[in-house]
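Here is the structure we will look at, set down as structure tokens.
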Amino acid sequence: MVKVVYVEHSGARHELEGREGSTVMETAVRNNVPGIDADCGGACACATCHVYIDGAWRDRTGARTPMEESMLEFAEGVDASSRLACQVRLTAELDGLVVRLPESQH
Ligand code: FES
């Protein structure tokens, strides 16, 4: 299992265990983390799973795909650390990953 820490905009933290091979979005939804809507179910077609990758982890989560890049244009408050959580797959190297949630997904 891969530990992922979700930090809500309010500062509330959720420390969860995700299955290797699942995504940051799936792990959040499965555990009812508030603030990740994931309207399209992980098809990279809604941008309602926007998260910010905590600084130390950005190199390890890899680069955005071109499709993810274009979907992020529909999200608010996007910055260099923004990713779509459905496009970040959990690997052993991401054990301890910290992601921050935006104030809203709209
Ligand atoms: Fe829709 Fe990630 S769940 S883009």
Side-chain angles (χ1 to χ4, degrees):
M1 298 296 270
V2 181
K3 181 176 155 188
V4 185
V5 181
Y6 299 82
V7 184
E8 290 184 56
H9 192 73
S10 67
R13 291 167 69 90
H14 304 263
E15 295 197 12
L16 302 173
E17 299 284 332
R19 279 200 302 265
E20 217 172 315
S22 69
T23 66
V24 171
M25 178 280 276
E26 288 165 341
T27 303
V29 168
R30 197 171 287 135
N31 291 281
N32 301 312
V33 174
I36 295 191
D37 298 345
D39 291 341
C40 76
C44 199
C46 72
T48 64
C49 64
H50 176 207
V51 296
Y52 302 106
I53 305 293
D54 206 55
W57 295 95
R58 283 183 213 156
D59 288 346
R60 278 184 254 183
T61 50
R64 300 171 188 162
T65 65
M67 193 172 170
E68 181 181 0
E69 196 77 64
S70 38
M71 282 316 300
L72 276 168
E73 289 175 18
F74 296 98
E76 282 183 19
V78 172
D79 70 19
S81 71
S82 293
R83 292 295 307 270
L84 292 178
C86 67
Q87 302 303 302
V88 180
R89 208 159 278 287
L90 297 180
T91 61
E93 294 74 50
L94 292 183
D95 189 37
L97 174 67
V98 179
V99 301
R100 298 179 186 281
L101 308 187
E103 189 167 8
S104 92
Q105 292 288 353
H106 301 287

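Predicted model only: the values in this text are computed from it and were never measured.
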Test of understanding: with side-chain hydrogen bond (donor to acceptor under 3.5 Å, both in side chains), list the residues that count as partners of Asp54, not counting sequence neighbours.
Arg100
Would you give the length of the straight line joining atom [atom1] of [X] to atom [atom2] of [Y], rounded to the nearest 0.5 angstrom?
X      : Y      : atom1 : atom2 : result
Ile36  : Thr48  : CD1   : OG1   : 9.0 Å
Met71  : Cys44  : CE    : SG    : 6.5 Å
Gln105 : Cys49  : CD    : SG    : 7.0 Å
His9   : Ser104 : NE2   : OG    : 9.5 Å
Ile53  : Asp59  : CD1   : CG    : 11.5 Å
Glu17  : Leu90  : CD    : CG    : 10.0 Å

Could you tell me whether Arg19 atom CZ has more than 12 heavy atoms of other residues or ligands within 6.0 Å of it?
no
Tell me if the CD atom of Glu76 is crowded by more than 12 foreign heavy atoms within 6.0 Å.
no
Could you check whether any side-chain heavy atom of [X] comes within less than 4.5 Å of a side-chain heavy atom of [Y], counting everything from C-beta outward?
X      : Y     : result
Val2   : Thr91 : no
Tyr52  : Val99 : no
Tyr6   : Val51 : no
His14  : Pro34 : yes
Val5   : Arg13 : yes
Ser82  : His50 : yes
Val98  : Val7  : yes
Leu101 : Val33 : yes

Closer than 4.0 angstrom, basic N to acidic O: yes or no for Glu69 and Arg64?
yes
Do side-chain atoms of Asp39 reach the backbone of Cys46 as a donor and acceptor pair under 3.5 angstrom?
no
Examine distances only and state if a side-chain atom of Gln87 and a backbone atom of Leu84 form a donor-acceptor pair shorter than 3.5 Å.
no
Please give me the minimum heavy-atom distance between Ala45 and Cys40, naming the atom from each residue.
N-SG, 3.4 Å
For Arg58 against Ser81, the heavy-atom pair lying closest together
NE-CB, 3.1 Å
Would you say Leu94 ends up clustered with Val29 if hydrophobic residues are merged whenever their side chains have heavy atoms under 4.5 Å apart, either directly or through other cluster members?
yes
